[in-house]
There are 2 protein chains.
Amino acid sequence: MKRKDDKKIIQIFQAALRLVAEKGLSGVTMGDISREAGIATGTLYVYFKGKDELINALFAACRENSVQVSFKGYNPQIPFKPGFKNIWLNILRYKLQHFEEVIFMEQCYHSPFITNDTREKALQLSAPFYALIDRGQKEQLIKQADAGLLLTFIIGAMNELVKQTHYSSITLNRSRINTAFDLCWDALKA
Amino acid sequence: MKRKDDKKIIQIFQAALRLVAEKGLSGVTMGDISREAGIATGTLYVYFKGKDELINALFAACRENSVQVSFKGYNPQIPFKPGFKNIWLNILRYKLQHFEEVIFMEQCYHSPFITNDTREKALQLSAPFYALIDRGQKEQLIKQADAGLLLTFIIGAMNELVKQTHYSSITLNRSRINTAFDLCWDALKA
DNA sequence: AATATAAGCGAATATATATTCATTTTAAAG
DNA sequence: CTTTAAAATGAATATATATTCGCTTATATT
């Protein structure tokens, strides 16, 4: 007896991510994915019921992974601003290093592939971010505006930064990163 | 003899926009578009050589239109901040009223449909925005950071705001709009 | 009003893509 | 080492989609 190979799922996911970032969700076929992953097309159907399931599983995996990474090293003991910056940098680093995920998630949001259930579950994972904003507001450090609005601002700006960085191939050096963070912080601060 | 009908092109474009916003670029077929536009599938090919040309033409039209609208009412005579806010509001209004275009443009960017040529031309239309930032910097009103970075911030935050508004169906009332603008301005101001 | 010319049509065709399945390969268990 | 069950394969099939084309309809021009 042979066991399903977890490594193969990762191969499949990475192949799909690479291809979607390059050609968009509309331009990627099951055949493309299998070729890029170095397996036969039929094998995809051993791991996933079909294209829908594959895309939904990948979407969920990306979302979970990204939330996990964001709070790495976060400790509520340390003061808000450095703690916030740590998270901000975690997210930025992650998105720069996993550019394909940024594009994939963006493309997915308006595709018929993603089910409402998958969407819902992704949304629920945002809770820690709301809690973070809440802390900053309780400490009177950031504006008393709707947390959703503030998060929208932070994430929207960062996503666009990551995309612009990727296309322009301007290297995002330390100075540029700090400038970007200052823009973000000045926007938020009370 | 019968002439090609400009109104029909608009019908086709609007149908395509509606469908892409709903189902994503990957989920929209030529058949869908013709049905939604109320014409026969073959007629699409009277107006466009094929799907590629249709998508590229729509992309270019959206981009031109949005730049046009942005600077409506702008007058370099009036002080920078209200002039800037006017433009910011123009863009926000436009994006809220033409949500399908926001999604369509986003989806297109990473699709194999859009040619490099189309992409290039879209980029060139950004010149007036760079000029605007330049003015603000010369007047010492906004930060002396790279203009591309500042624009990225403004546009990224706004796009996300528009999307979040649409999904959450939180109405963006005057107070919320002003809060959002303040976030933006506080980020930029010197 | 007659004619010419292009738009408009949609079923038929060509093409691309997802999915299945009979067969082969792999590796765990006895 | 043999057996066995599941994974892996990829050509074959089913399905979906883009595109074409012979024909009809509309309307400018004479």
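What you see below is based on every heavy atom in this structure, not just the backbone, and it leaves out hydrogens, waters and symmetry mates. Note on naming: letters A, B, ... go to the chains in the order of the sequence lines (proteins, then strands), and numbering restarts at 1 for each one.
Between A/F59 and A/F113, the ring centre distance reaches or exceeds 6.0 Å. The ring of A/Y167 has its center closer than 6.0 angstrom to the ring center of B/H110. Aromatic ring centroids of A/Y109 and A/F104 lie 6.0 Å or more apart. In this structure, the ring of A/F129 has its center less than 6.0 angstrom from the ring center of A/F71.
Cluster annotation: A/I10 and A/M105 are assigned to distinct hydrophobic clusters (Ile/Leu/Val/Met/Phe/Trp/Tyr, side-chain heavy-atom contacts under 4.5 Å, transitive).
The phosphate of D/dT9 has OP1 or OP2 within less than 4.0 Å of a side-chain N or O from A/T43.
Within residues 50-61 of chain A, the residues that place at least one heavy atom under 4.0 Å from DNA chain C are, in residue-number order, A/G50, A/K51. Within a heavy-atom distance below 4.0 Å of DNA chain D, the residues of residues 3-36 of chain A found are A/R3, A/K4, A/K8.
Here A/Y47 lies in heavy-atom contact (under 4.0 Å) with sugar-phosphate atoms only. Using a 4.0 Å heavy-atom cutoff across all strands shown, B/L44 reaches no nucleic acid atom at all.
Between the side chains of A/Y94 and A/N65, at least one donor N or O lies within less than 3.5 Å of an accepting N or O.
The number of heavy atoms from other shown groups lying within 6.0 Å of NZ (A/K85) is above 12.
Following rounding to the nearest Å, A/K2 (NZ) and C/dA28 (P) show an atom-to-atom distance of 9 Å. For the pair B/I39 CD1 and C/dC9 C1', the computed distance is 10 Å after rounding to whole Å.
Using cut-offs of 30° and 60° on the angle between ring planes, the pair B/F181 and B/F84 is tilted.
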